[in-house]
Amino acid sequence: MDTSTISLVDTGFLLICTAFVILMTFGVAFFYGGLVRRKNIISMLMLSFISFALVTLQWTFFGYSLAFGPDFMGIIGGLENCGLLGVFADQSTRNLLIPDMVFMVFQLAFAAITLAIVTSALAERVKLSSFIIFGLLWTTLVYDPIAHWVWGNGWAATMGILDFAGGTVVHITAGFSALALVFVIRNRHGFTQYSMNPSNIPLTLIGGALLWFGWFGFNAGSAYAINEIAVNAFVVTNISAAAGSLSWMTASWIYGKPGSLSMISGTIAGLGAITPAAGFVGPIAAFCIGTLAGLICYYALMFRLKQGWDESLDAWAIHGVGGFFGTLCLGIFASVTIGGVAGIIEGSTTQFGLQFLGAGIITLYAIIATYGIAFFVDILFGLRVSEDEEYVGLDLSQHGETTDM
Amino acid sequence: MDTSTISLVDTGFLLICTAFVILMTFGVAFFYGGLVRRKNIISMLMLSFISFALVTLQWTFFGYSLAFGPDFMGIIGGLENCGLLGVFADQSTRNLLIPDMVFMVFQLAFAAITLAIVTSALAERVKLSSFIIFGLLWTTLVYDPIAHWVWGNGWAATMGILDFAGGTVVHITAGFSALALVFVIRNRHGFTQYSMNPSNIPLTLIGGALLWFGWFGFNAGSAYAINEIAVNAFVVTNISAAAGSLSWMTASWIYGKPGSLSMISGTIAGLGAITPAAGFVGPIAAFCIGTLAGLICYYALMFRLKQGWDESLDAWAIHGVGGFFGTLCLGIFASVTIGGVAGIIEGSTTQFGLQFLGAGIITLYAIIATYGIAFFVDILFGLRVSEDEEYVGLDLSQHGETTDM
Amino acid sequence: MDTSTISLVDTGFLLICTAFVILMTFGVAFFYGGLVRRKNIISMLMLSFISFALVTLQWTFFGYSLAFGPDFMGIIGGLENCGLLGVFADQSTRNLLIPDMVFMVFQLAFAAITLAIVTSALAERVKLSSFIIFGLLWTTLVYDPIAHWVWGNGWAATMGILDFAGGTVVHITAGFSALALVFVIRNRHGFTQYSMNPSNIPLTLIGGALLWFGWFGFNAGSAYAINEIAVNAFVVTNISAAAGSLSWMTASWIYGKPGSLSMISGTIAGLGAITPAAGFVGPIAAFCIGTLAGLICYYALMFRLKQGWDESLDAWAIHGVGGFFGTLCLGIFASVTIGGVAGIIEGSTTQFGLQFLGAGIITLYAIIATYGIAFFVDILFGLRVSEDEEYVGLDLSQHGETTDM
Amino acid sequence: MQKLEIIIRPEKLEQVKKGLDEEGFHGMTITDVKGRGDQRGICLQYRGKLMKVDLIPKVKLEMIVPDEKVDDVIRIIKKEAYTGKNGDGRIFIYEVIKSVKVRTGEVITEW
Amino acid sequence: MQKLEIIIRPEKLEQVKKGLDEEGFHGMTITDVKGRGDQRGICLQYRGKLMKVDLIPKVKLEMIVPDEKVDDVIRIIKKEAYTGKNGDGRIFIYEVIKSVKVRTGEVITEW
Amino acid sequence: MQKLEIIIRPEKLEQVKKGLDEEGFHGMTITDVKGRGDQRGICLQYRGKLMKVDLIPKVKLEMIVPDEKVDDVIRIIKKEAYTGKNGDGRIFIYEVIKSVKVRTGEVITEW
Ligand SMILES: Nc1ncnc2c1ncn2[C@@H]1O[C@H](COP(=O)(O)OP(=O)(O)O)[C@@H](O)[C@H]1O
Ligand SMILES: Nc1ncnc2c1ncn2[C@@H]1O[C@H](COP(=O)(O)OP(=O)(O)O)[C@@H](O)[C@H]1O
Ligand SMILES: Nc1ncnc2c1ncn2[C@@H]1O[C@H](COP(=O)(O)OP(=O)(O)O)[C@@H](O)[C@H]1O
């Protein structure tokens, strides 16, 4: 190691955090898997596993280079780092205390989980081969540019738009892309006609637990070092998650019963919302952000149901809306003493304006680009299985497998 | 970071350990969830998740301050740190090498899991709203003071009573509180009349695996640094867990068949018992502690069954008895070369006497205070659901959800 | 800590990695548990849990000493470290930057998982008591010597045979031992006559996720320090896993449908194959190794099915063949700039020859010694349950438990 | 007194139950089953090859009703369980000799 | 030869089985079912509103016995499955035409 | 028209289905059940003590067939479900009054 540019302790910390974030993609698998009908559990699980494998290779061969290679006009990275060429395992060229290779693999985990979150909109009806094509295109044309804009010295970074750990890059991108997808792939047969109750809530809670756990790596790791920012991020992440869990649960209690899915959806809402702000706000702000995120995302879910949009597992309502809200919250609650940036509460509206602009443009881009890609894949290959295959279930029709569980 | 008081490597280590301990509360969820009847799985899972969310907020707003704020007469902490005011993310005021904020969040995980363990006594019959009230009161009035006494410069600490990682504060407190609760909430309908077999042993083993894994953070992290104490704690924790697994399994083999629940209960018994002593005893002592804990807790469970106490998931027999036994073991097996303290085997009975006194008083306090709180909550709000709700199952009656699994 | 020989940051890193590897043994439990019929799930889970507990004690009392005690003629370690005597928690006598005690517990996790992998061949028919005897003998007579030869200054190490993280010691040993076992314990009743479909694929995927996660500790930790080797190992491990997942899935797609079990088997194949080479090859080589491993192991599985060998859960086809292939790959793809060793591609065939020799001898030893031990245990105690017990299922007949799940 | 064994699509259960409720038919016993009819399940195209999925999940309702109510139940089922596609289900009808209520001990032979 | 279809509470299964064993009734087939009787399941109070939980889990025992033993079985069930509360269950009785034992090929028509 | 209630070993299901298919019997409803026959399940030795495992998992096939086909089905089952060991299963046969096809409304009384 070139210990003049590298800190060993930060490198070790980031490696562990990376493993945590990688576990989260599997967490998404279990979270989503428990929410579908039994005949589609295996299919739902596989979409996340495949997302992870696929993005790993894409990232290795060219995705990382597109996102973090030398900047081209603020829009996209160059191809210099394709095949991880010139990505050093023992030195840093990125002004960080960790080797470039560690940065690369940490970012890989983010790219992968984003695609996994998007599969919410494809639940119980996507054709596997088309998903693979869509996934490759989407990561390349939607995720990689957005990651470049915000974190790879692209236009958003240049303008000063901030996203601590992915509220914009990961959650807005995934959530609004999922929404756009629904308008191409359309609703599941029988949606709104008969109930499509989750078949395995314990599995969903296993996923939720892994997500909560992994999120510490996601947010604390995004400080790229062990320092007060990482410590703060760790603590506020937990507070927001807890606040979101209880506020969503309470909201649904008022209208009916406090289900476990309310609670765990609130957790993810709280986590998604604190993500962009975790390095900039303190504990009490985190409590406010989590509580509000739980409520807002709850109403977003109600709204989507009323619209009859079958964005089946609520990537939009939870990640999309939560991430958008959190990105704004950075502009509201940011505290100079914590992250060096002032929000509205400390009297400055500049950052809020920037956040709003950034989130807005990226939301639009995600929607339009995803719609385009999905439309194209649908025309050429068909995004959706046949009605009979859907009826029989994707486990059997796509994978030839079933589960007793 | 103020690197004159802070060690970065220890800070990073503690952050990771904290995530491990947080995962344990979910481990308790799955462990307990698999042990109840299918109609109550979701409810049982939720009790742990809610415990974690609830205690997170309680700890943030005032719990931490009560436990670890400036000492008031050895009994309780002051309110100076409410809302995490004055809890630094970048320096240490506690004579540790990690920032106060990291200490705070590590301790948060301990407070949360303790409440989760207590839910054993509430299994399959508690009213959700009353649990929330009870949980808040219990953490505030039982857990926080005890944590203060032992770890927050309270009277027990002053006297020299030792508890390395929570055998007293976590396991005795949780186990005996659970026992006391049973005498207020009383047995489940049909208890002793018909079998209430666990419905999902694989889920319990998932929980057990997460607990075993997380316990390394629990015990090694309790050294608050990477040093020989942490290394020793890590190793002896594992040995005691293994010894407990095999000894309980063997005991139940002698009387019948070696079930997986015998084995995994033995694991937790071994882990609970080594917890207070992990910084003070060596590998061979750990083997003895684990083996004996497995046997003693096994007989404790038999005893409770004979008494007809429906402490449903055995927090008392495993955590309570195991933690008590382990607290005494510190006084027996402690070795000067390892932790600087001598036990009976090295010829000194002083520490044993202290341990006995401390464990005794705290046991009594936990029983009496918990009984009082539960009694009060029961009178005012009713701790228990109606008989019909219990019959239908708490998943449906409290949460409006069901699971196929 | 004796900080003249010890690095705190590496010690902390290795402790965390050890916890990761310990989690993997439970990962094997869930992976295997989901693959058997419902009546044997608990039994299958327990075999791994018991393996871990058993090897923990064996290792503590004498296994570590046999494997890593002072070398005796290149064949076995001496008994000087029995009971962990002379294994320091605060200094290193092994030319590593971590205390001997940390090295001991990291290696313990490897010894334990190896036995757990072997249980594949015993699935759904082994007698519990005989397994315990077999397991003790096998770890002592097969695993410990092999670990000594390769990693404990034995003959293989002296000759220059390389195994970065256990492709030979763990995967070849486990896989070929499992194969040998089948010829003693023989096929399950009804094998090839009626389908024995996996009953709980989600559980298998939970296991797979934990394995993928833990493997980062397995391989990166095998650098015994935070350095460029660890970073490289982390990255290539992930790439090979992803490549294996997709290549096996594709292969099975060509002949039928792309099942989730194809995908996750490919993951393990990719992970097993990269293990011996992770410190010596770069990303592109890792992609090739993973891809080829997925294909080769797929055909190995087909081959075993055609032979009618009931090596039930494919430890041989995946770990054995994958590990063997990976051990050779080190001799093919090794790059001087990464690990200081040149493979065939860089023009040197020496290392390849050594690898072939080492893998060959160890394969033979594992097969012969395991066959002998199993034969002996079978004659004396009977390895297998009665036909009726097998029919009823091992959960009930061996453990007196059942699961709804 | 007759028993109707009614096999329907699981997703139609709610609707069928509602239809029955409205006309006062409450007593029923429900079992998860799998089944195939004469058209042998569902036939999927898979890369040019045919793949038969027989044994589709179904729900079996058993209802014991007085002789004169049998036709009412049949009518309701035919209406509520109907989609018009293969697999809509069947009703099989049997004679019941006697019915006993455990709680009251009441025995019904004519109903 | 008649078939008794016995629907009881799951938690009473052990006791019922024991009662049957004692009088020499061994053969039986058991299915997990859900059901509701005429009182339409269980009615819970929830914040002033009523909430019906119909389709409570039950266990169905099927027993084929000789005509003259039917009343013995009914008697045992009425005793062992009884709690006195709603939901204790029902027994429905059918005629069996013929029974074949696969292993021996033995056919019973009169029993 | 009669109903055959066929109880077999789960591991024989594939083979039985194949045998039925070959002779053109497609319609069937399948339920997972547990059962014991007169020999009261399986008896295991455990450290000198006996341990009874009753309630072994079985599969129940229900098939409604025309009267004249009943014997064909019995013959097939006796052949395909046979192992010769305890627990091979039973067939119980009942009279069906009427059958209704939900999709077409078609009613069959004589078959
Ligand atoms: N001959 C039969 N015997 C027993 N069950 C049958 C028979 N025919 C159909 N069924 C049951 O009825 C269900 C629906 O039958 P199906 O033929 O698919 O309906 P439809 O003919 O109206 O399309 C089947 O899944 C099966 O469970
Ligand atoms: N008319 C019916 N048809 C079919 N099954 C019935 C009928 N009435 C009751 N059952 C079955 O019997 C079970 C017990 O009936 P229930 O009415 O609750 O008993 P009780 O009247 O003794 O309280 C129900 O759950 C249901 O499975
Ligand atoms: N008298 C009975 N009533 C109901 N079901 C029965 C009866 N006898 C047997 N069965 C069912 O048939 C299955 C097979 O019966 P069994 O006696 O084991 O077969 P065999 O006598 O051919 O060995 C049992 O598991 C049970 O489900």
Side-chain angles (χ1 to χ4, degrees), chain B residues 7-10 12-13 16-17 20 34 37-38 197-203 205-206 208-210 212-217 220 225-232 234-235 238-239 241-246 249 252-253 256-264 266-267 282-284 286-287 338 405, chain C residues 1-2 8-9 11-13 15-16 18-20 22-23 25-27 29-30 33-34 41-43 45-46 49-50 52-57 60-61 83-84 87-91 98-99 101-102 104-105 108-109 128-129 132 200 202-203 206 210 395-405:
Chain B
S7 148
L8 289 185
V9 57
D10 295 331
F13 183 62
I16 305 290
C17 286
F20 276 47
R37 286 166 292 172
R38 194 187 298 206
N197 283 337
S199 61
N200 196 332
I201 290 183
L203 190 62
L205 292 181
I206 289 175
L210 295 184
W212 199 327
F213 173 73
W215 224 293
F216 293 113
I226 296 167
N227 54 25
E228 54 270 41
I229 309 268
V231 169
N232 183 74
F234 193 107
V235 170
N238 194 44
I239 291 172
S245 310
L246 296 180
M249 189 178 93
S252 75
W253 207 336
K257 301 216 168 195
S260 64
L261 295 181
S262 316
M263 185 206 59
I264 201 73
T267 310
I284 302 302
F287 170 74
I338 289 170
M405 173 164 139
Chain C
M1 290 276 178
D2 173 0
L8 289 185
V9 57
T11 301
F13 183 62
L15 282 180
I16 305 290
T18 303
F20 276 47
I22 287 174
L23 189 60
T25 302
F26 306 126
F30 304 125
I41 287 191
I42 294 172
S43 151
L45 291 167
M46 271 193 89
F49 277 79
I50 291 179
F52 186 68
L54 206 63
V55 174
T56 290
L57 300 188
T60 303
F61 284 113
L84 305 187
V87 182
F88 301 108
D90 57 354
Q91 51 180 288
I98 58 169
M101 194 61 112
V102 175
M104 184 286 298
V105 74
L108 183 164
L128 182 63
S129 51
I132 293 177
N200 196 332
L203 190 61
I206 289 175
L210 295 184
D395 289 3
L396 210 55
S397 70
Q398 298 294 291
H399 307 292
E401 293 176 327
T402 55
T403 187
D404 287 4
M405 173 163 139

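Residue numbers begin at 1 in each chain, while the letters A, B, ... track the order of the sequences. Computed from a predicted model, the values in this text were never measured in an experiment. Computed from heavy atoms alone, side chains included, the values below leave out hydrogens, waters and symmetry copies.
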Practice problem: Could you tell me which portion of B:Leu205 (side chain, backbone, both or neither) has an atom closer than 4.5 angstrom to a non-hydrogen atom of chain C? | Solution: both
Exercise. Kindly write out the residues that satisfy side chain to side chain donor-acceptor pair (under 3.5 Å) with C:Thr11, not counting sequence neighbours, or none if the list is empty.
Key: none
Quiz item: When heavy-atom pairs shorter than 4.5 Å are enumerated against chain B, which of C:Val9, C:Val55, C:Ile22 gives the highest number?
Solution: C:Ile22
Exercise. Give, as side chain, backbone, both or neither, the part of C:Gln91 having an atom under 4.5 angstrom from any heavy atom of chain B.
Key: neither
Exercise. Could you check whether the rings of C:Phe52 and B:Trp212 sit parallel, tilted or perpendicular, using 30° and 60° as the cut-offs?
Key: perpendicular
Quiz item: For B:Ile206 and C:Phe30, what are the C-alpha separation, side-chain angles and deciding distance, and is it a side chain to side chain contact (heavy atoms under 4.5 Å, CB included)?
Solution: CA-CA 8 Å; B:Ile206 289 175; C:Phe30 304 125; 3.6 Å; yes
Quiz prompt | CD1-OG1 distance between B:Ile201 and C:Thr402, expressed to the nearest 0.5 angstrom | solution = 6.5 Å
Self-check item: Segment of C:Phe61 engaging chain B (4.5 angstrom heavy-atom cut-off)
Solution: side chain
Quiz prompt | B:Ser199 to C:Thr403 - nearest heavy-atom pair and separation | solution = O-OG1, 3.7 Å
Quiz item: Shortest non-hydrogen contact from B:Ala242 to C:Leu57?
Solution: CB-CD2, 4.1 Å
Quiz item: Which of these passes side-chain contact (heavy atoms from CB on, under 4.5 Å) with B:Val235: C:Thr18, C:Leu108, C:Val105?
Solution: C:Val105
Self-check item: Nearest heavy-atom neighbours spanning C:Met1 and B:Val231
Solution: CE-CG2, 3.8 Å
Quiz item: Does some side-chain heavy atom of B:Phe216 sit less than 4.5 Å from a side-chain heavy atom of C:Ile16?
Solution: no
Quiz item: Is there a side-chain contact between C:Met104 and B:Pro283 (heavy atoms, below 4.5 Å)?
Solution: no
Quiz prompt | Steps toward side chain to side chain contact (heavy atoms under 4.5 Å, CB included) verdict (B:Lys257, C:His399) | solution = CA-CA 5 Å; B:Lys257 301 216 168 195; C:His399 307 292; 5.7 Å; no
Quiz item: Side chain, backbone, both or neither: which part of C:Thr25 has a heavy atom under 4.5 Å from chain B?
Solution: neither
Practice problem: Mind running side chain to side chain contact (heavy atoms under 4.5 Å, CB included) on C:Ile132 and B:Met249 for me, showing each step along the way? | Solution: CA-CA 12 Å; C:Ile132 293 177; B:Met249 189 178 93; 4.0 Å; yes
Exercise. Rounded to the nearest 0.5 Å, what's the gap from CD1 on C:Ile41 to OG on B:Ser260? Could you check?
Key: 11.0 Å
Practice problem: Indicate the atoms forming the closest heavy-atom contact of C:Leu128 with B:Pro258, along with that distance. | Solution: CD2-CG, 3.4 Å
Self-check item: Portion of B:Leu261 that has a non-hydrogen atom of chain C nearer than 4.5 angstrom
Solution: both
Self-check item: Nearest atoms (heavy-atom pairs only) where C:Leu23 meets B:Ala209
Solution: CD1-O, 4.3 Å
Practice problem: May I ask you to test the B:Thr267-C:Phe49 pair for a side-chain heavy-atom distance under 4.5 Å? | Solution: no
Self-check item: chain C contact via B:Ser245 - which portion, at a heavy-atom distance below 4.5 Å
Solution: side chain
Quiz item: So do C:Asn200 and B:Pro202 actually touch side chain to side chain, heavy atoms under 4.5 Å?
Solution: no
Quiz item: Quick one: what part of B:Ile239 sits under 4.5 Å from any heavy atom of chain C, side chain, backbone, both or neither?
Solution: both
Quiz item: chain B heavy atoms under 4.5 Å from C:Leu84: which part of the residue, side chain, backbone, both or neither?
Solution: side chain
Quiz item: Where on C:Leu8 is there a heavy atom nearer than 4.5 Å to chain B: the side chain, the backbone, both, or neither?
Solution: both
Quiz item: Non-hydrogen atoms of chain B under 4.5 Å away: do they reach the side chain of C:Leu54, the backbone, both or neither?
Solution: both
Exercise. Please determine, among B:Leu246, B:Asn238, B:Asn232, B:Ile284, the option with the most heavy-atom pairs under 4.5 Å with chain C.
Key: B:Asn238
Quiz item: At their closest point, which heavy atom of B:Phe20 faces which heavy atom of C:Ala19, and how far apart are they?
Solution: CE2-CB, 3.6 Å
